[in-house]
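Written below as structure tokens is the structure these notes are about.
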2 protein chains.
Amino acid sequence: MIKIGELAKISGCSVQTIRHYEKEQLLSAKLRSDGNFRLYDHADIERLLFIKHCRSLDLSLAEIRQLLTLHHSPMSQCDDVNQMIEQHIEQVERRIAELTLLNKQLKALRRSCTSKRTVEHCGILKQLNKAVSQSN
Amino acid sequence: MIKIGELAKISGCSVQTIRHYEKEQLLSAKLRSDGNFRLYDHADIERLLFIKHCRSLDLSLAEIRQLLTLHHSPMSQCDDVNQMIEQHIEQVERRIAELTLLNKQLKALRRSCTSKRTVEHCGILKQLNKAVSQSN
DNA sequence: TTAAAGTCTATAGTAACTATAGAGTCAATA
DNA sequence: TATTGACTCTATAGTTACTATAGACTTTAA
């Protein structure tokens, strides 16, 4: 059995993050030491690494909680897992599209001012203002 | 002079958002009615639309505050504005790269399970676990 | 005059942590 | 054995940009 600091080292998560996951019901220490320190075993390490891998895929804690539940209900259908991943992919793709558009706009903005003028003549601010008066 | 509800309509921001911007020192009503209602003029409308446009470019409230300050300091240099936009572009591009990688990983994961099996044999969960035991 | 709609302030909630305070525990050294 | 330093505990507040509520007050129109 290991204490939270060692679990943090092994997993690469911070101590606070592990405690946060416990609060969010993703991971719990089944045992405590005499002095009330959390004690973890090998299964906990695996569970935390699973969580960490899911987080690296930007799954939310709620989604991970769901996956962990499915994981331990052998009769449930893969479809639920598939659907979650599918929705997540769509979400990521929407965000990529948004950011790509944003990037274009920012680059157009950047082109509007390059020299060392005072703000009075700054093309960027002029552009930002122009957009304002247009939409007004 | 208009009240906050009308400013909200004109700008497309919610009433709470406008009050939030005031709290964040981006926009303030210089006048209040006898009954303590905020009163706005044309300059306030323009300022709010400027803020809204910047937000649509994902600039943070802190960045916008800085832009507004520069905006009203005619002696400051464009360089400050340029640098901020430059950094923002870099940040957006980093995030796009991250999400693109993420998307690839999620799609690989999706390919690992397609049929209606029970979770016991779910390829996605197997993949997620495999990653865990590899990194352990 | 009264009712509805609008506005006020203050506070809490959102997501996933991070950081702190103040107290208690553990392991090793003097 | 005492003490020091490192570790852990709980509880709470802060981060970002809002959104949503509660309870009270103001304005407007019928």
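All chains are named by letter (A, B, ...) in the order of the sequence lines, taking the proteins before the strands, and each is independently numbered beginning at 1.
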How close or far is atom [atom2] of [N] from atom [atom1] of [X], stated in whole angstroms?
X: B/N36; N: C/dG6; atom1: CG; atom2: P; value: 19 Å
X: B/K52; N: D/dA17; atom1: NZ; atom2: C1'; value: 15 Å
X: B/F37; N: D/dT26; atom1: CZ; atom2: P; value: 8 Å
X: B/R38; N: D/dC25; atom1: CZ; atom2: P; value: 17 Å
X: A/L39; N: D/dC7; atom1: CG; atom2: C1'; value: 13 Å
X: A/D34; N: C/dA27; atom1: CG; atom2: C1'; value: 15 Å
X: B/I51; N: D/dA17; atom1: CD1; atom2: C1'; value: 13 Å
X: B/R32; N: D/dT26; atom1: CZ; atom2: C1'; value: 13 Å

Taking the side chain from [X] and the backbone from [Y], do they hold a donor-acceptor pair closer than 3.5 Å?
X: B/K3; Y: B/F37; value: no
X: B/R65; Y: B/E24; value: yes
X: A/R47; Y: A/L26; value: yes

Exercise for the section: Decide, yes or no, whether a salt bridge links A/E6 with A/K9 under the criterion of side-chain N to carboxylate O below 4.0 Å. Expected result: no
Tell me the closest heavy-atom pair linking [X] and [Y], and the distance in Å.
X: A/L57; Y: B/L106; result: CB-CD2, 4.2 Å
X: B/L109; Y: B/I124; result: O-CG1, 3.3 Å
X: B/A29; Y: B/Y40; result: CB-CE2, 3.7 Å

Exercise for the section: Mind listing the residues from residues 2-9 of chain B sitting with a heavy atom below 4.0 Å of DNA chain D? Number order is fine. Expected result: B/K3
Problem - Any residue meeting salt bridge (charged side-chain N to carboxylate O under 4.0 Å, His left out) with A/R32, in chain and number order, not counting sequence neighbours - result: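 A/E22.
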Exercise for the section: Please list, chain by chain and in numerical order, all residues satisfying salt bridge (charged side-chain N to carboxylate O under 4.0 Å, His left out) with A/E93, sequence neighbours excluded. Expected result: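 For A/E93, the residues satisfying salt bridge (charged side-chain N to carboxylate O under 4.0 Å, His left out) (neighbours in sequence not counted) are B/K107.
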Practice task
Please report how far the helix from C/dT1-D/dA30 to C/dA30-D/dT1 bends, comparing the axis fitted to its first five pairs with the axis fitted to its last five, to the nearest 10 degrees.
Solution key: 30°
Problem - Protein-to-nucleotide contact annotation, 5' to 3' order, nucleotides 11-23 of chain C [B base; S sugar-phosphate only; - none; under 4.0 Å, heavy atom] - result: -----BBBB----
Problem - Presence of A/S33 side-chain N/O under 4.0 Å of C/dT25 phosphate oxygens OP1/OP2 - result: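 It does not, given that no N or O in the side chain of A/S33 lies less than 4.0 Å from OP1 or OP2 of C/dT25.
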Practice task
Could I get the full list of ring pair (Phe, Tyr, Trp, His ring centres under 6.0 Å) partners for A/H88, not counting sequence neighbours?
Solution key: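 A/H88 satisfies ring pair (Phe, Tyr, Trp, His ring centres under 6.0 Å) with no other residue.
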Practice task
Test B/L31 against B/D41 for side chain to side chain contact (heavy atoms under 4.5 Å, CB included), laying out the working first.
Solution key: CA-CA 9 Å; B/L31 290 174; B/D41 61 16; over 6 Å; no
